[in-house]
Amino acid sequence: MKYKAIFFDRDGTLVRGDPEWTRFRNERLEQWSGRKFDDSYDYFMKFFEKVQGGGFPFAPYTTMEQELDFFRQWYLYVFEDMGITEHTGERADMLVEKLWYLKKYPYPETVDVLEYFKNKGYKMGVISDSPPSLETTLMNCGLHGYFTSFTASSLVGASKPDPVIFSAALEAQGVTAQESLYVDDYPPEADGAREQGFTSFLIDRSEHQPDAPWTIRNLRELVNFVERKGRR
């Protein structure tokens, strides 16, 4: 069987965040609070889950307007935790309007790899644990035109590795998992896709990545895999 489709995770796979955005946000929070900001994933999720579980009408969010409201509340909880008490509404509005997280940068090899699969006639989609702005983020960084499906967890109502989100992506492209490649930077999600029948790769860009089955260092290795297997 030849592969007909390839699906990508977004963050950490196709694109990375804007380091200037991160620096600006962290500096402002530290300036306003006099404390160092905890930039960890666990800290982010602590208040993400607090907003999500807070009974707000925009949790879960299904529109970009609700998404902005959601993250405004996220900032307000962070302010409270960091002891920021002055101009909180104004400051939250500024961070959401100017920053939130729309700005993404493709990894150096991303465009070349997408061009390869486009020229080979592959159907291409994105499967992301993300809010409704998924398509907008890809428009802003010039990648949107390569894809014909955008499967966001916030709209599907299920997050990876739930089979529901993978099934939605396959249905959108009219292919089976066995006909599809997938790549993700998070092991449970790469494994989850493989359990559904995808030929699934974990991308690990760290310098000290150990050799492991189905693990690649950059997206170019997907091209190497396809050409080596002669599947198309």
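Side chains included, hydrogens not; waters and symmetry mates left out as well; all remaining heavy atoms used. A quick note: this is a predicted structure, and the numbers were derived from the prediction, not measured.
- Counting all heavy atoms, side chain and backbone alike, Ala190 lies closest to Ser200 at O-OG, 2.7 Å.
- Inter-residue side-chain proximity for Val15 and Thr137 is flagged as unmet; no heavy-atom pair is nearer than 4.5 Å.
- Contact check for Gln73 versus Lys50: no side-chain heavy atoms found under the 4.5 Å cut-off.
- Tyr146 and Met124 get closest at one heavy-atom pair: O-CE, 3.3 Å.
- Counting heavy atoms from C-beta outward, Tyr107 and Arg205 have side chains that approach closer than 4.5 Å.
- With hydrogens and angles ignored, the 3.5 Å screen pairs no side-chain donor or acceptor of Ser180 with any backbone N or O of Phe198.
- One finds the NZ atom of Lys36 at 9.5 Å from the CE atom of Met82 (value rounded to the nearest 0.5 Å).
- Side-chain rings of Tyr116 and Tyr122 stay apart, their centers remaining 6.0 Å or farther from each other.
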Decide side chain to side chain contact (heavy atoms under 4.5 Å, CB included) for Asp93 and Glu97; before the verdict, give the C-alpha distance in whole Å, the side-chain angles of both, and the deciding distance to 0.1 Å.
-> CA-CA 6 Å; Asp93 288 341; Glu97 179 183 353; 5.6 Å; no
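- A distance-only check finds no donor-acceptor pair linking the side chain of Ser159 to the backbone of Ser153 [under 3.5 Å].
- Taking CD from Glu135 and OG from Ser149, the interatomic distance works out to 9.5 Å, rounded to the nearest 0.5 Å.
- Val164 is listed as a side-chain neighbour of Val156, based on a closest heavy-atom distance under 4.5 Å.
- Looking only at distances, no side-chain donor or acceptor of Gln52 sits under 3.5 Å from a matching main-chain atom of Phe48.
- Contact check on Arg72 versus Asp69 returns no salt bridge, with no Lys/Arg side-chain nitrogen under 4.0 Å from an Asp/Glu carboxylate oxygen.
- Relative ring orientation between Phe37 and Tyr43 is described as perpendicular, the plane-to-plane angle rising above 60° on a 0-90° scale split at 30° and 60°.
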Before giving the answer on side chain to side chain donor-acceptor pair (under 3.5 Å), spell out for Ser40 and Asp42 the whole-Å C-alpha distance, their side-chain angles and the decisive distance to 0.1 Å.
-> CA-CA 5 Å; Ser40 68; Asp42 287 343; 5.4 Å; no
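- Between Glu221 and Phe201, the closest side-chain pair of non-hydrogen atoms is not below 4.5 Å.
- Nearest heavy-atom pair across Ala92 and Tyr75 is CB-CB, 4.2 Å.
- Partners of His87 by side chain to side chain donor-acceptor pair (under 3.5 Å), not counting sequence neighbours: none found.
- In this structure, the side chains of Lys104 and Leu138 stay at 4.5 Å or more apart for every pair of heavy atoms.
- Residues Tyr186 and Val126 fall into different hydrophobic clusters, defined by Ile, Leu, Val, Met, Phe, Trp and Tyr side chains chained together at heavy-atom separations under 4.5 Å.
- No chain of hydrophobic side-chain contacts below 4.5 Å, direct or via other Ile, Leu, Val, Met, Phe, Trp or Tyr residues, connects Phe70 to Leu155.
- For Glu195, there are no salt bridge (charged side-chain N to carboxylate O under 4.0 Å, His left out) partners two or more places apart in sequence or in a different chain.
- Between Asn26 and Asp39, the shortest heavy-atom distance links the atoms ND2-OD2, 3.4 Å.
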Assess whether side chain to side chain contact (heavy atoms under 4.5 Å, CB included) is satisfied between Thr88 and Glu80, documenting all intermediate values.
-> CA-CA 9 Å; Thr88 54; Glu80 181 181 2; over 6 Å; no
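- Between the side chain of Ser130 and the backbone N or O of Ala152, no donor-acceptor pair lies under 3.5 Å.
- Linking Ile, Leu, Val, Met, Phe, Trp and Tyr whenever their side-chain heavy atoms come within less than 4.5 Å puts Leu219 and Val226 in one cluster.
- Note on ring orientation: taking the six-membered ring where Trp is involved, the planes of Phe147 and Phe150 are perpendicular (angle over 60°, cut-offs 30° and 60°).
- Looking only at side-chain heavy atoms (C-beta outward), Tyr182 and Asp9 come within less than 4.5 Å of each other.
- Between Phe8 and Phe117, the two ring planes are perpendicular [angle over 60°; tilted spans 30° to 60°].
- Annotation: side chain of Phe225 is in contact with side chain of Thr199 (closest heavy-atom distance under 4.5 Å).
- One finds the CG atom of Asp18 at 11.5 Å from the CZ atom of Phe24 (value rounded to the nearest 0.5 Å).
- In this structure, Asp129 contributes its side chain and Lys160 its backbone to a donor-acceptor pair below 3.5 Å.
- Checked by atom type and distance alone, the side chain of Glu67 pairs as donor or acceptor with a backbone atom of Ser133 at under 3.5 Å.
- Ile84 and Phe44 fall within the same hydrophobic cluster, where Ile, Leu, Val, Met, Phe, Trp and Tyr residues are linked whenever their side-chain heavy atoms come under 4.5 Å apart, directly or through other members.
- Two different hydrophobic clusters hold Met139 and Leu114 under the rule that ILVMFWY side chains link at heavy-atom gaps under 4.5 Å.
- Of all heavy-atom pairs spanning Ala5 and Val175, the tightest one is CB-CG2, 3.9 Å.
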